[in-house]
Amino acid sequence: MADSWQECMDYAVTLARQAGEVVRDALKNEMNVMIKSSPADLVTVTDQKVEKMLISAIKAKYPSHSFIGEESVAAGEKSILTDNPTWIIDPIDGTTNFVHRFPFVAVSIGFVVNKKMEFGVVYSCVEDKMYTGRRGKGAFCNGRKLQVSQQEDITKSLLVTELGSSRTPETVRTVLSNMEKLLCVPVHGFGISVSGRNDTEVKFGLQCIVSGGSGELEQQLLICALWQLEEQMRITKWAFTAGIWQELALLLQKLVVC
């Protein structure tokens, strides 16, 4: 029996590459930048163009499937996840980087069936790196299997975080205060998440997301475009070592939720 979800994943890879070409071309041209929820939450015409292109192509091939797009949701469409096969799209993952022509931008596509992630595709356009993850089958970069950190001791770990898009004084104070508490554990430092080379990841916002070590790195890719669905979560964890997660779980109870 044919693996229909693998066919969908292969199509997602093809579309991500096509979208990446559009993004790379746009980096050479003048940009029309607009503001969404805050001055640090940006959107461009290219974000909207790429999302429409992806959804249109997928609808033509899979007309019965559903869609959740970052820019569509930002424009007012409801984010409703059902049991129907659903494509979750972030057309330019890293719009602020894109606007400043900082070369770390990606096209992110997630695929959910029965409210469970089946695969994720993240195409780093400028680097020409295609990250893929399939539930139960691991994660890969350009076809090469990825291996994550085996670090169990949080004091020897490199944590990854981001400031988020809110710039209200209260939120900024909370985020920086939480970062200070984590640094004083102490940990080796904070860094940028690349190919599983970090030991764990912490994000602050409507929720706190923790990821890390030697578990299923594929889960990080499966999360790729699920930000719209995280509003119902406080703590989500994936790809963690037991030791780091246990230590972080205790620490996170002491942190303030933004």
Side-chain angles (χ1 to χ4, degrees), residues 4-34 36 41-75 77 79 81 85-113 117-134 139-144 146 165 192-195 218 220-229:
S4 56
W5 303 150
Q6 184 61 49
E7 177 189 276
C8 290
M9 183 172 173
D10 293 341
Y11 192 51
V13 168
T14 297
L15 291 179
R17 288 197 184 280
Q18 293 175 0
E21 291 180 14
V22 175
V23 174
R24 283 195 299 268
D25 287 343
L27 282 167
K28 305 171 187 175
N29 302 318
E30 194 69 27
M31 298 182 194
N32 181 13
V33 183
M34 296 160 281
K36 294 193 288 187
D41 188 11
L42 309 177
V43 63
T44 70
V45 171
T46 306
D47 289 80
Q48 297 167 338
K49 176 182 178 181
V50 169
E51 182 171 303
K52 288 177 181 177
M53 180 187 84
L54 291 171
I55 291 177
S56 176
I58 297 167
K59 274 185 177 179
K61 190 173 180 68
Y62 303 107
S64 65
H65 289 191
S66 302
F67 302 88
I68 297 174
E70 178 177 353
E71 305 314 329
S72 302
V73 172
E77 286 191 17
S79 173
L81 184 64
T86 302
W87 299 72
I88 302 172
I89 297 168
D90 188 346
I92 299 182
D93 194 351
T95 300
T96 299
N97 288 350
F98 174 72
V99 166
H100 291 275
R101 292 178 171 79
F102 191 62
F104 296 103
V105 297
V107 177
S108 294
I109 303 173
F111 185 72
V112 182
V113 183
M117 292 298 299
E118 287 295 334
F119 66 75
V121 171
V122 178
Y123 180 48
S124 183
C125 313
V126 179
E127 298 180 293
D128 190 26
K129 289 184 177 179
M130 181 67 70
Y131 296 90
T132 58
R134 179 81 191 274
F140 299 81
C141 176
N142 290 342
R144 187 175 60 124
L146 296 175
S165 59
I192 299 173
S193 179
V194 182
S195 304
E218 71 196 60
Q220 296 193 33
L221 291 172
L222 298 184
I223 294 294
C224 66
L226 274 175
W227 68 270
Q228 299 97 333
L229 307 177

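Below, all heavy atoms of this structure are taken into account, side chains as well, without hydrogens, waters or symmetry copies. Along the sequence shown, residues are numbered consecutively beginning with 1. Just so we're clear, the structure is a prediction, and the values are computed from it rather than from any experiment.
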Q.
Just so I know, are the side chains of Glu118 and Cys8 near enough to count as touching, which here means a heavy-atom distance under 4.5 Å?
A. no
d(Ile58 CD1, Phe67 CZ) to nearest 0.5 Å is 5.5 Å
- Is His65 close to Trp87 at the side-chain level, that is, under 4.5 Å between some pair of heavy atoms? yes
When rounded to the nearest 0.5 Å, the distance separating CG of Leu15 from CE of Met53 is 7.0 Å
Smallest heavy-atom separation, Asp25 atom then Asn29 atom, equals O-ND2, 3.2 Å
Taking every heavy atom of Gly20 against every heavy atom of Cys125, the minimum-distance pair comes out as CA-SG, 3.7 Å
Partner of Thr95 under side chain to side chain contact (heavy atoms under 4.5 Å, CB included), picked from Asp47, Val33, Val105, is Asp47
One should read off an interatomic distance between Thr46 OG1 and Glu51 CD, to the nearest 0.5 angstrom, of 12.5 Å
Are any of the side-chain heavy atoms of Val112 and Ile68 separated by less than 4.5 Å?
no
All heavy atoms of Tyr123 vs all of Ala16, minimum pair found to be CD2-O, 3.3 Å
Nearest heavy-atom contact between Ala26 and Phe98 is CB-CZ, 3.7 Å
Heavy-atom nearest pair, Met130 first then Val13, reads CE-O, 3.6 Å
So CZ of Arg134 and CZ of Phe140: to nearest 0.5 Å the spacing works out to 11.0 Å
**Prompt:** Between Asp93 and Val107, is there a donor-acceptor pair closer than 3.5 Å when you use the side chain of the first and the backbone of the second?
**Reply:** no
Determine whether Met31 and Arg101 satisfy the following criterion, side chain to side chain contact (heavy atoms under 4.5 Å, CB included), listing intermediate values before the conclusion. CA-CA 10 Å; Met31 298 182 194; Arg101 292 178 171 79; 3.8 Å; yes
Is the distance between the ring centroids of Phe119 and Trp5 less than 6.0 Å?
no
Q | Min side-chain heavy-atom separation Tyr62-Pro85 under 4.5 Å | A | no
Check: Side chain of Asn97, backbone of Phe104: donor and acceptor closer than 3.5 Å?
Finding: yes
Val122 vs Lys129 side-chain heavy atoms within contact, under 4.5 Å: no
Closest heavy-atom pair, Val45 versus Met34, reported as atoms and distance to 0.1 Å, is N-CE, 3.9 Å
In this structure, NZ of Lys52 is separated from CD1 of Ile89 (nearest 0.5 Å) by 13.5 Å
